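Worth saying up front: this structure is predicted, and the values here are computed from it rather than measured. Each ligand, and each atom within it, is numbered from 1 in the order the structure gives.
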Amino acid sequence: MSGPATTPDADPGTRVRDLDEEALLAAFVPLLPVGDATLVPPGDDAAVVAAPDGRFVVTTDVLVEDRHFRRRWSTGRDVGRRAAVQNLADVAAMGARPTAVVVALAVPSDLPVAWVVGLAQGLADVCAPLGVGVVGGDLSGGDAVVVSVAAHGDLEGRPPVRRSGARPGDVVAHAGRCGRSAAGLALLTAHDAGWSGPGSAAGPGADDELVAAFLRPEAPLGAGAAAARAGATAMLDVSDGLLRDAGRLARASGVLVDLDAPAVAFAAERARLAPVAAALGVDVDAWLLTGGEDHGLLATFPSGVALPEPFRAVGRVRPMADASADASAGTATGARVLVAGSPPHVTGTGWDHFARGVPAAGPSSGGAGQPRR
Ligand SMILES: Nc1ncnc2c1ncn2[C@@H]1O[C@H](COP(=O)(O)OP(=O)(O)O)[C@@H](O)[C@H]1O
Ligand SMILES: Cc1ncc(C[n+]2csc(CCOP(=O)(O)OP(=O)(O)O)c2C)c(N)n1
Ligand SMILES: [Mg+2]
């Protein structure tokens, strides 16, 4: 690295405003993984990435400070990991192999340079092992940290797996975590509000594991392509909660999704979360059914197909004709999704950035993290 009188490595107090743009880029761009498909890496006006299939999958998601993360909870590295996972999960959900991401960043001038360097490390933590390149981005000043990622993927000759292909009789399967991120968020929110709860209820350090699941979600990013190879008929990643996202799949496919009861579909996860939910006074099934941001994959497969690891059957696709009058009269997402054959009985329907009046998470609340506005 050349240029700055104070290098970020030498002085952890260095702020973004202490560097010029070139020096800031020089502090973190060398940490970014090149990626297997990268033909022209960062440094030019745009990168060039191979698209062996001749088509490419592209998606973007933005993370906004105090909406998706708080700096008092998350390090830069946590946010980098989360930004990568959230975007690569969308690529995986199309049945594609992720190839490259670009990252646009708005940062306040008093942000420590070390936070930005951490962000690059977090992106690298997730992307490098998958051969995914971080091939470029953009920098701007801003009043809050905003991290906008666009991710690309290769379909390797397969058709994309869309939300619309589920057919009655298909098995509904899930891969990855469920409810943990919501539990971690509820714990952080409760601790912020002065709650000093029984980490004891679930064993020492147990809370840490759940908080980590919120701060650094781990998604089954290779399972999307595996599902496609196995013949998945529809798929999406669960970012806004199982009910809400299953509802999107069901609506796109013109079917009903009938999920097994959480105690059956997510028995181990539920047993893990139940004591923590009880300590916080929340409904554990609300975490499982409406908690978002675990970025598991929800897919449908023709019955009889051997489910690829780590998918587990969690329900059945049924024809719309099976909808009871009760279900048809349900909410936007609820109408399409049953739990053990009946309309779900949990508070909240999953995350919506613009919804109002949904209960807040934490002690004595049934919701899964939706703020009251
Ligand atoms: N600002 C936007 N402009 C165009 N399309 C958008 C915009 N925001 C979201 N979409 C599209 O709407 C669909 C649903 O978005 P979203 O709920 O964010 O999906 P996901 O949960 O997979 O990130 C996606 O196909 C997305 O590309
Ligand atoms: C400070 C904070 N409050 C609340 C949440 C919970 N939360 C924020 S966005 C979201 C849903 C997923 O994000 P979204 O932007 O909808 O992602 P997408 O569905 O587009 O992938 C959840 C559960 C959080 N992550 N951080
Ligand atoms: Mg999105």
Quiz prompt | N or O pair under 3.5 Å between D61 and ligand 2 | solution = yes
Quiz item: Can you find an N or O of D240 that's nearer than 3.5 Å to an N or O of ligand 2?
Solution: yes
Do NZ/NE/NH1/NH2 and the carboxylate oxygens of [X] and [Y] come within less than 4.0 Å?
X: D258; Y: R318; result: yes
X: R70; Y: E65; result: no
X: R216; Y: D125; result: no

Exercise. Check ligand 1 against S239 and write out every atom of the ligand that is under 4.0 Å from a heavy-atom position of the residue.
Key: 21 (O)
For [atom], state which one of [options] supplies the nearest heavy atom.
atom: atom 18 (P) of ligand 2; options: A89, S239, A182, S74; value: S239
atom: atom 14 (P) of ligand 2; options: E65, H353, R71, R82; value: H353
atom: atom 23 (O) of ligand 1; options: D61, D352, L236; value: D61
atom: atom 3 (N) of ligand 2; options: R248, H68, R67, H295; value: R67

Quiz item: Does NZ or CZ of R312 lie under 6.0 Å from the centre of the six-membered ring of F266, at an angle within 45° of the ring axis?
Solution: no
Quiz item: Hey, is R163 one of the residues with a heavy atom under 4.0 angstrom from ligand 1?
Solution: yes
Quiz prompt | Side chains of T233 and D170, donor plus acceptor under 3.5 Å | solution = yes
Exercise. Scan side-chain atoms only and decide if S164 and S253 contain a donor-acceptor pair under the 3.5 Å cut-off.
Key: no
Mode of [X] contact toward ligand 2 - side chain, backbone, both, neither (heavy atoms, under 4.0 Å):
X: V62; result: neither
X: E293; result: side chain
X: F214; result: side chain

Quiz item: What atoms of ligand 2 come closer than 4.0 angstrom to any heavy atom of F69?
Solution: 26 (N)
Quiz item: Under 3.5 Å between some N or O of ligand 1 and some N or O of D240?
Solution: no
Self-check item: L32 to A120 - nearest heavy-atom pair and separation
Solution: CD2-CB, 3.7 Å
Quiz prompt | Side chains of D61 and V149 in contact at under 4.5 Å (non-hydrogen atoms) | solution = no
